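Here is the structure we will look at.
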Amino acid sequence: MSRIEIDLDKCSGCGMCSRSCPYQAFEIQDKKARWIEDRCTLCGACLTSCRFEALSGEMPVREVPDFSDYRDVWVFVEQHDGRFHRSGLELLGCARTLADDLGQRVAAVVLGNNVGETARQLIEHGADRCIVVENSALGYYQTCTYAHVLAKLIGKYKPNILLLAATHLGRDLAPRLARRVGLGLTADCTRLSIDPDEKILQQTRPAFGGNIMATIVTRFSRPQTATVRPGIMKALDPDPARTGDLIAEQVDMAECREFTKVLECVMHKDRPVDLTAAKIIVAGGRPVCSDRGIGVLRDFADAVGGEIACTRVVVEEGFLPPERQVGQTGRTVRPEVYFACGISGAIQHKAGMDGSRYVIAINKDRDAPIFEMADYAIVGDLFEILPALTRAVKGE
Amino acid sequence: MDIVVLVKQVPNTTEVRIDPKTGNLIREGVESIINPEDRHALEAALQIRDNTGGKVTVLSMGPPQAIDGICEALAMGADRGILLSDRIFAGADTWATSTTLGRAIRKIEQFDLVLAGRQAVDGDTAQIGPQVAEYLGIPQLTYVQKLEVREGAVIAERALEDGCEHIEAPTPVLVTVLSSLNEPRYPTVAGLIDSTRPRAPIEIWNGADLGVKAYEVGLAGSLTQVVKTFTPKGARNTQYLEGSPAAVAAQLIDALRKKEIRLGE
């Protein structure tokens with residue numbers, strides 16, 4: 001524990017130290033300075049203040065701990081009723097690359113009840129091993145129960161990297177777990193890579209509504225933990241020839257404290273569209289905010305076999321439901337083709353569609369930023385262009 | 001019911017622009033606002049207090065000017081404001097921030113409910129709520145779109161991607177809310193004037209007041225570090241298609257089919 005020492009022979013009681021201290025951690029008594037430990041935050045502001053060199057103290061120096069016994073890249077794979085969430089498969093694809101760069105293994109981690117042999121799918125999607133914890137308490141997600149189990153697994157296996165999808169579940173669980181285990185955590189990453197020199201995880205994410213990107217590293221804790229936006233990473237095609245270990249793990253639930261009680265779970269009757277799985281997306285901006293606008297969009301989407309999507313304003317105006325919104329506050333999509341119709345191309349929208357393979361922009365405004373992010377640009381009125389495209393696709 | 005509301009002063013990100021020459025954020029002239037979802041958290045707190053009694057304390061960490069947000073919260077009806085402001089808090093990641101906020105809430109002592117927005121628009125991490133809850137050892141309910149207060153418990157409706165769930169948790173509990181929860185009231189002019197008076201119920205706490213050390217908080221206490229920031233750049237060669245709508249359509253469909261894109265086949 002660091003402390004501030006005062007050489008009373010040198011101290012003149014001038015009070016400079018007291019004036020330099022933001023916390024009133026010095027008082028002058030009988031013409032000598034006195035250090036009040038309780039008020040001191042060890043910020044070090046006082047050390048250069050004394051003209052008589054009466055003050056000394058060594059501030060704590062931060063060292064990077066030795067983490068050489070932490071190995072492997074873990075992916076927490078969400079499952080509901082024995083079905084794996086697509087985001088988990090995407091993360092396995094990403095984890096595969098990271099693990100290969102490090103010369104380490106990929107482990108999929110699944111919590112649930114009655115998961116069984118279905119976990120083999122995860123090996124086909126890139127995992128070298130699959131750690132499955134089955135317990136009746138894990139059938140339905142509850143924050144503290146899941147955090148308890150994952151914390152125990154981390155303690156036992158010491159993984160180097162832990163990835164979770166930035167779904168509602170992942171964003172509820174990851175910070176709870178990180179605080180419990182003492183982990184740095186980066187949210188909503190859109191790119192992950194290994195630093196070639198330091199061999200640590202570089203976690204890149206958007207900030208300020210997608211206006212800037214930040215690359216973040218976790219030097220002071222393991223596993224290096226991040227949540228990743230669904231729809232960004234690419235899942236590997238399943239390879240039935242891949243082999244790996246299925247590990248059934250038991251976790252002691254005696255110390256698990258769950259506070260909450262799930263009273264009811266209501267699922268939407270119509271399964272909402274999953275834009276992240278769409279190959280072709282036809283998206284509209286403000287000009288489609290009319291029944292006619294949505295109709296034109298839908299006609300073309302039907303003709304090409306695509307899904308319709310939109311910017312935030314279209315949702316706010318009530319013309320399409322939130323699950324069809326693309327952008328920073330909506331979905332992130334990476335279709336084969338993205339048609340941006342009457343979309344100006346605000347950075348918040350770009351954040352959600354930049355990973356598309358081909359982008360086609362249709363806009364009346366020649367200066368719209370969307371054209372800079374398009375492969376094909378059409379300057380024109382979508383109410384003329386889209387019907388023409390619909391006819392062209394149908395061969396009329 | 002005594003309630004602590006976590007509020008953050010954020011730049012109005014819908015107004016943030018990039019300098020096209022330097023690629024840097026233009027912060028000048030961008031106003032600071034109370035993070036939009038935090039405003040909904042405050043509204044929820046005020047409604048609960050108005051129904052059940054108790055006290056609403058707003059808690060914020062930030063530079064001295066973040067006091068503006070606290071003044072606004074008082075003008076909306078909060079009873080007490082606390083600003084955590086100290087140079088050693090600067091540069092904190094969510095680990096260090098949750099340490100600082102957690103210490104402050106412990107110092108407040110008396111609370112049944114901690115409310116916050118789901119996430120702040122400048123960082124979008126949604127991590128502070130759960131991390132503060134874990135620090136305090138209390139349950140968390142995130143993505144809450146409806147909230148009902150009972151004796152010694154709350155019942156919340158949490159939004160899921162494809163539905164919702166109803167969860168009961170005992171108090172004290174931390175709840176993060178979505179904007180669909182309510183419609184926040186406006187601050188009153190009289191309240192705004194009162195909030196700037198010397199006797200306004202606002203306290204400013206520094207590191208020593210919280211009993212933290214400099215190495216536990218701020219950049220020094222963070223487990224993650226930002227090593228690089230950059231402006232996202234598009235890297236596409238844009239090809240402009242010209243002619244009548246029919247001609248443009250034919251060119252485009254032809255070009256896509258040449259790239260083996262299956263259109264409606």
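Since the structure is predicted, the reported quantities are computational estimates derived from the model, not experimental observations. Here is the naming used below: chain letters follow the sequence lines, and residue numbers restart at 1 for every chain.
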Quiz prompt | Enclosure of B/Lys107 NZ (heavy-atom neighbours >12, cutoff 6.0 Å) | solution =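 Yes, NZ of B/Lys107 has more than 12 neighbouring heavy atoms, counting only those of other groups under 6.0 Å.
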Quiz item: Would you say B/Glu260 has more than 12 foreign heavy atoms packed within less than 6.0 Å of its CD?
Solution: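 Counting neighbours around CD of B/Glu260, 12 or fewer heavy atoms of other residues, nucleotides or ligands fall under 6.0 Å, so no.
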Practice problem: Please list, in residue-number order, every residue in residues 125-134 of chain B that has a heavy atom less than 4.5 Å from any heavy atom of chain A; write 'none' if there are none. | Solution: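 Within residues 125-134 of chain B, the residues that come under 4.5 Å of chain A (heavy atoms only) are B/Thr125, B/Ala126, B/Gln127, B/Pro130, B/Gln131, B/Ala133, B/Glu134.
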Interchain contact, [X] with chain B, by part (heavy-atom threshold 4.5 Å):
X	answer
A/Arg62	side chain
A/Arg222	neither
A/Phe339	side chain
A/Thr204	side chain
A/Arg205	side chain
A/Ile280	side chain
A/Pro60	side chain

Measure distances from [X] to the heavy atoms of chain A and classify the residue's part below 4.5 Å as side chain, backbone, both or neither.
X	value
B/Leu160	both
B/Ala120	neither
B/Gln251	neither
B/Val227	both
B/Tyr143	side chain
B/Leu210	neither
B/Asp254	neither

Quiz item: Can you find a side-chain donor-acceptor pair between B/Ser98 and A/Arg179 that sits under 3.5 Å?
Solution: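 Result is yes, a qualifying pair exists.
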I need the minimum non-hydrogen distance between [X] and [Y], along with the two atoms involved.
X	Y	answer
A/Gly182	B/Leu223	O-CD1, 3.6 Å
A/Tyr23	B/Gly207	CE2-N, 3.8 Å
A/Cys43	B/Ala214	CA-CB, 3.8 Å
B/Arg236	A/Asp354	NH2-O, 3.0 Å
A/Met267	B/Asp162	SD-O, 3.2 Å

Does [X] reach the side chain of [Y], with side-chain heavy atoms less than 4.5 Å apart?
X	Y	value
A/Met59	B/Tyr215	no
B/Asn206	A/Arg39	yes
B/Glu242	A/Val379	no

At a heavy-atom distance under 4.5 Å, which candidate from [options] has the highest pair count against chain B?
options	answer
A/Thr218, A/Leu183, A/Ile360, A/Asp375	A/Asp375
A/Gly305, A/Gly184, A/Ala187, A/Pro175	A/Pro175
A/Thr227, A/Thr260, A/Asp381, A/Thr215	A/Thr215
A/Asp188, A/Ile385, A/Thr167	A/Thr167

Quiz item: For chain B, which residues from residues 140-147 of chain A lie under 4.5 Å away (heavy-atom distances)?
Solution: A/Tyr140, A/Thr143
Quiz prompt | B/Asp124 and A/Gln328: CA distance, side-chain angles, deciding distance, side chain to side chain contact (heavy atoms under 4.5 Å, CB included) verdict | solution = CA-CA 9 Å; B/Asp124 288 323; A/Gln328 181 73 13; 3.2 Å; yes
Distance check, rounded to the nearest 0.5 Å: [X] atom [atom1] versus [Y] atom [atom2]?
X	Y	atom1	atom2	value
B/Leu141	A/Phe259	CG	CZ	11.0 Å
B/Arg262	A/Lys279	CZ	NZ	11.5 Å
A/Ile216	B/Asp93	CD1	CG	8.5 Å
A/Ile378	B/Tyr240	CD1	OH	11.5 Å
A/Ile362	B/Leu252	CD1	CG	7.5 Å

Could you tell me which of [options] has the largest number of non-hydrogen atom pairs under 4.5 Å with chain A?
options	result
B/Ala96, B/Ala159, B/Ala246	B/Ala159
B/Ala169, B/Ser244, B/Ala220, B/Ala250	B/Ala220
B/Arg87, B/Glu161, B/Glu165	B/Glu161
B/Ser222, B/Pro245, B/Pro139, B/Ala249	B/Pro139

Practice problem: Under the side chain to side chain contact (heavy atoms under 4.5 Å, CB included) rule, what do B/Arg257 and A/Val393 come out as? Steps first, then yes or no, please. | Solution: CA-CA 10 Å; B/Arg257 288 207 165 123; A/Val393 170; 4.0 Å; yes
Quiz item: After noting the C-alpha distance and the side-chain angles of B/Ile261 and A/Tyr358, does the key distance pass the side chain to side chain contact (heavy atoms under 4.5 Å, CB included) rule?
Solution: CA-CA 10 Å; B/Ile261 303 289; A/Tyr358 295 109; 3.8 Å; yes
Quiz item: Is it true that a side-chain atom of B/Thr238 and a backbone atom of A/Ala374 form a donor plus acceptor pair closer than 3.5 Å?
Solution: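 Such a contact is found between B/Thr238 side chain and A/Ala374 backbone.
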Self-check item: Donor-acceptor under 3.5 Å (B/Gln140 side chain, A/Asp172 main chain)
Solution: yes
Quiz item: Only one of A/Thr225, A/Val217, A/Thr186 forms a side-chain contact (heavy atoms from CB on, under 4.5 Å) with B/Thr224, so which one is it?
Solution: A/Thr186
Practice problem: Could you check A/Arg171 against B/Gln119 for side chain to side chain contact (heavy atoms under 4.5 Å, CB included), going step by step and ending with a plain yes or no? | Solution: CA-CA 10 Å; A/Arg171 297 174 101 223; B/Gln119 62 191 32; 2.8 Å; yes
